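Below you'll find the structure, written out as structure tokens, and then a few comments.
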Amino acid sequence: MRHEQEFVDVLYAHLADLRARTEVAVKSALGREHDGTRQARVERDIAVFEQSGLLAALDAGANGLCFGRLLFRDGADHHIGRIGIRRDDAEHTPLVIDWRADVARPFYLATGHTPMGLRRRRHITTSGRRITGLHDEILDLTDATRTGFEGSDADAVLLASLDAARTGRMHDIVQTIQAEQDRIIRAPHDGVLVVEGGPGTGKTVVALHRAAYLLYANREQLTRRVVLVVGPNPAFLGYIEDVLPSLGETGVQFATPGELFPGVTATAVDTPEAAEVKGRAAMAEVLRRFVADRQTVPETPLFIEHDDGDLYLDAAIAEAARSKARATPLPHNLARPAFASRVIDGLTEQLVDKLGADPFGGPNFLGSGEIAQLSMSVAESPAVQAAIDELWPRLTPQDLVADYLAEPVYLSDEDAAAIRRPIGYDPVFGTRDAVEWTVADVPLLDEAAELLGEDDSLARALAAAERRRRIAYAQGVLDLSYGSRTQEFEDRDDEESEVLSAHDLVDAERLAERQEELDHRTSAERAAADRTWAYGHIVVDEAQELSAMAWRLLMRRSPTRSMTLVGDPAQTSEPGGCGSWERILVPFVEGRWERVRLGVNYRTPTEIMEVAADVMRAVDPGFEPPDSVRSTGVKPWSRHTADLPAAVAWAVAHEGVAAPEADPGDATGGADARVPVDGRVAVIAPRELIDTLATAIPHAERGVEPDLTRPLVLLDPKQAKGLEFDVVIVAEPAAFTLADLYVALTRATQRLGVVHTRDLPPGLTGLAQAG
């Protein structure tokens, strides 16, 4: 241990020196002089970005920097860590090997029968910068010193990690990655990889380590194109947010399904019936037809006043214009100019016939120049533009979807009633009220955006006008500089007396460029703001919950179909969820996806998993849960009551949680300050009971994005997806769906309790009574 501690001390000293030099490099890049050209500014910004990224990686990897050592039969000796660090010698010899490097694989895969060249594998446990334990495995079966090493100390490291108290944040498993997990983490990123597994099998953390590995193996491509991680809710994203930074990866975008349309965050909640209808794949065709309905032909001619004569926009002109626009491969807004052009041509023909017709049947008197002027006057007519807007309006996705939901069409009466949402108006100004969008609305908005297209002609015109304004202003500055030049040397002929002024060094266009704002956002920030961004790789957690419409959105974000999908069909609880991998993937990547299954439960003790399995077998006798690797010896309990809030408060106290004002030695108090083994307790209840139960445990953390690091949290089952706690108390299980109950029962790592006023569901009736 003394030898390893000396190495760790040297390693952290080197890291501190490297960090200091990187900080200097960042400051130097920020203060670097440049010649004012765009190229120079881009080069400076790239240098700042690269050095800042290195600095972030060094900071992230500093905790538990070195956790292993490999000693090979051939004498090779490598320390393994979160990030790779090299010496400053001429060969840049590695001090620590990045866990993702190929040479590190024996740390996760080698066995006594397949040692992969290893003689000894050492697990190094640290607290801060201090080594607290070493666990050695002799893998060379012929080594005489193997006596006493028959057991696997790696199992001790794993079990210690599993038994540790929860902190409210997911931790990386880089020190304890198992062989089946390593194979998934390092799988190629072409196509779609489905990682399926029951509760506690490590699906999520494996997928996050896979994202870290892919960024390591494909750094240039994926850093530029960004990796997107989609999680089921804000609480889950808060829970996993530290994993990738702890592995040195900070340039990843995280989002929930309700945040995948730029500028919109879903805050409203649909009924289950509405979410199911909105999530159907058929809604894509429904919206397409609704957009087509907005491309209209007048039943009676539209009268248009014009200085050169009255005009009539009739069905013939409009129909010809609509056919021309629809014949283009362009979406609605981008096809609008084709429609407008044909309308203008038709109206111009009316004027030409009126103004230049030969009464004796000869050719029209107007020349091409005069016809062109008439066409321009028609195009610039506000009345003509208003008529075009009426027949082929510019539409935004938000307005289109809001209009559709206000009066749904192409659905059954029952389905239309389920999703109908009238538009509110301000009674004073007559403007629309702001719409609160739901998660199920977001794919509809994205589909609408695809159908409409974005007409950026106005934005480009404004940008060009702004650039002309800057150049004109810059020219004025230079003219003023020239007019104010010094006269001191004007009568002297020697060339050395000439004084250079601003107008001698830069022209107006270059001076204007210096005033342009550069985009200093990271790639992830730019991706989040760009609906059309093509991600390098997408990780989707709880993938079985997403609707068919949500999958259309995600597949548009990944043209290469490079994805890692994580989930468990047995835990599908959303009414619009696809559930089946075949239903999700065959429409998009038939033949280009692979499923792997994790079968070992690292989270849930045997005692709790048996209860959860009994609940599932009551419906599906053939259900097989994942195998738990540990047992706590503590059986789950239940308590029947007539007063659910009081019973929940009792259960919290029963598990050793006391309110801040309570005596620390009194386990009968409220709900916050004291938790067994410094862990976390969750009360999981149906959403409709959350407010009622909160009155009994007022110190419990709750809300849309609760702080999971607090000792006690109050959640509904959908918020609890993917999370884990030391102790879980399930309230009123008869009110849960089967999938939600399965989720709630499998969140605990140590103990489980159930409180109820109604009869227990099948599978829970055998629980021991408490209190």
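Just so you know, these numbers come straight off a predicted model, no measurement behind them.
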For [X], check ring-ring contact (aromatic ring centres under 6.0 Å, His included) against everything at least two apart and list the hits.
X: Y213; answer: none
X: H79; answer: F7
X: Y239; answer: none

Apply side chain to side chain contact (heavy atoms under 4.5 Å, CB included) to the pair R86 and T93, showing each step before the final yes or no. CA-CA 5 Å; R86 295 180 177 272; T93 309; over 6 Å; no
Atom pair [atom1]/[atom2] of [X] and [Y] - distance to nearest 0.5 Å:
X: I240; Y: L708; atom1: CD1; atom2: CG; result: 11.5 Å
X: K635; Y: T606; atom1: NZ; atom2: OG1; result: 9.0 Å
X: R183; Y: I177; atom1: CZ; atom2: CD1; result: 12.5 Å
X: L193; Y: I185; atom1: CG; atom2: CD1; result: 11.0 Å
X: W99; Y: Y108; atom1: CH2; atom2: OH; result: 6.0 Å
X: T126; Y: Q175; atom1: OG1; atom2: CD; result: 7.0 Å

[X] side-chain N/O to [Y] backbone N/O, donor-acceptor pair under 3.5 Å:
X: T114; Y: T111; answer: no
X: W533; Y: A524; answer: no
X: E4; Y: R2; answer: no
X: E259; Y: T256; answer: yes
X: K203; Y: G197; answer: yes
X: Q5; Y: R129; answer: yes
X: S628; Y: R630; answer: no
X: T201; Y: G198; answer: yes
X: R747; Y: P199; answer: no

Regarding [X] and [Y], does a basic nitrogen lie under 4.0 Å from an acidic carboxylate oxygen?
X: R166; Y: E724; answer: yes
X: D17; Y: R21; answer: yes
X: R680; Y: E701; answer: no
X: D77; Y: R69; answer: yes
X: R105; Y: D182; answer: yes
X: D726; Y: R751; answer: no
X: R82; Y: D172; answer: yes

Within the 4.5 Å heavy-atom criterion, are [X] and [Y] side-chain neighbours or not?
X: H171; Y: V243; result: no
X: L554; Y: V540; result: yes
X: T749; Y: T604; result: no
X: N601; Y: D627; result: no
X: L11; Y: I85; result: yes
X: V681; Y: F725; result: no
X: V205; Y: M170; result: yes
X: Q750; Y: I608; result: no

Non-neighbouring partners of [X] that pass side chain to side chain donor-acceptor pair (under 3.5 Å), sequence neighbours left out:
X: H537; answer: S562, T564
X: S631; answer: E607
X: Q719; answer: none
X: T265; answer: none

Trace of the side chain to side chain contact (heavy atoms under 4.5 Å, CB included) decision for L215 with N218: CA-CA 5 Å; L215 282 162; N218 306 274; over 6 Å; no
Determine the sole option in R120, R122, R121 for which the side chain to side chain donor-acceptor pair (under 3.5 Å) test with E137 is passed. R121
Locate the shortest heavy-atom distance separating [X] from [Y]; write the atom from each residue and the value.
X: G536; Y: T560; value: O-OG1, 4.5 Å
X: V226; Y: A527; value: CG2-CB, 4.2 Å
X: P625; Y: M609; value: CB-CE, 3.7 Å

side-chain contact (heavy atoms from CB on, under 4.5 Å) with [X]: which residues, sequence neighbours excluded?
X: A101; value: I97, V103, Y216
X: R73; value: P115, R119, D140
X: E241; value: R169
X: V194; value: V192, L565, W581, L585, W593, R595

Are side-chain N/O atoms of [X] and [Y] paired as donor and acceptor at under 3.5 Å?
X: S127; Y: R130; answer: no
X: Q181; Y: H209; answer: no
X: Y535; Y: Q253; answer: yes

Flag if over 12 foreign heavy atoms under 6.0 Å of CZ, R219: yes
Please tabulate, for side-chain N and O atoms in residues 227-234, each donor-acceptor pair with protein atoms closer than 3.5 Å (sequence neighbours left out).
from	atom 1	to	atom 2	distance (Å)
N233	OD1	A235	N	3.2
N233	OD1	F236	N	2.7
N233	ND2	K718	O	3.0

For I80 and V96, what are the C-alpha separation, side-chain angles and deciding distance, and is it a side chain to side chain contact (heavy atoms under 4.5 Å, CB included)? CA-CA 5 Å; I80 308 300; V96 175; 5.8 Å; no
Go through the steps to decide whether S523 and T223 satisfy the test side chain to side chain contact (heavy atoms under 4.5 Å, CB included), and finish with yes or no. CA-CA 7 Å; S523 295; T223 299; 5.6 Å; no
